[in-house]
Amino acid sequence: MTTPTPPTVEHADQALAARASHSAEQIAGFLVLGQLDTVGRPDKLPHDLWPDHDPVVVQAVWDRALAVGYRAGLHASRPRFHRDTLDRLRGVLEEAGWHAMAVRAAAVTDLLAVTPVDDGLDAHAGVGVAEVIW
């Protein structure tokens, strides 16, 4: 049996960039579906442009909200997988004096500390990557 030749940097670069672009298109699809789902009807979508406000500020708010929502969704989809990170973030809030936010974070971290692993919260627990990816 011969050892396969690894791809060149150029080939790997192109293949991985194409993979990222494909994934970006899928993420964009989820975003537009989520946007419609949250406004309720297509005729309400133009309101998401916030035409009475500075477009630069609207874009900055959109970008921040997207980052926060994406990260929150990531953590919520597999909270046990992110337990150490969630505990660390809660501690950072507590130490910095952000008590109200730390209490909200505790609603997640305290539950994770006492919830049995087999409770069904991790929908994809024990499933391989190939089965989870759409």
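When a residue number appears, it is its place in the shown sequence, counting from 1. Side-chain atoms are counted along with the backbone in the values below, which use heavy atoms only and exclude waters and symmetry mates. Predicted model only: the values in this text are computed from it and were never measured.
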Give the table of side-chain donor-acceptor pairs shorter than 3.5 Å for residues 28-40, with sequence neighbours excluded, one pair per line with atom names and distance.
residue: Gln35; atom: NE2; partner: Asp48; partner atom: OD2; Å: 2.8
residue: Thr38; atom: OG1; partner: Gly34; partner atom: O; Å: 3.1
residue: Thr38; atom: OG1; partner: Gln35; partner atom: O; Å: 3.0

Problem - Any residue meeting salt bridge (charged side-chain N to carboxylate O under 4.0 Å, His left out) with Asp43, in chain and number order, not counting sequence neighbours - result: Arg41
Exercise for the section: Please report the shortest heavy-atom distance between Arg83 and Ala113, naming the atom on each side. Expected result: NH1-CA, 4.3 Å
Return a table of donor-acceptor pairs under 3.5 angstrom between the side chains of residues 49-62 and protein atoms on other chains or two or more places apart.
residue: Asp54; atom: OD1; partner: Val56; partner atom: N; Å: 3.0
residue: Gln59; atom: NE2; partner: Asp63; partner atom: OD1; Å: 2.7

Handout entry: Distance in Å, Leu111 CG paired with Leu86 CG, rounded so as to fall on 0.5 Å steps
Key = 11.5 Å
Exercise for the section: Any chance you could measure Asp84, atom CG, to Thr109, atom OG1, to the nearest 0.5 Å? Expected result: 12.0 Å
Practice task
State which residues pass side-chain hydrogen bond (donor to acceptor under 3.5 Å, both in side chains) with Gln14; sequence neighbours excluded, sorted by chain then number.
Solution key: none
Completion exercise
Apart from Trp98 itself, members of its ILVMFWY cluster (side-chain separation under 4.5 Å) are Leu93, Met101
Exercise for the section: Consider only side-chain heavy atoms of I, L, V, M, F, W and Y, link residues closer than 4.5 Å, and tell whether Val103 and Val108 are in one cluster. Expected result: no
Completion exercise
Hits for side chain to side chain contact (heavy atoms under 4.5 Å, CB included) against Leu74, two or more places apart or cross-chain, chain-then-number order -> Arg71, His82
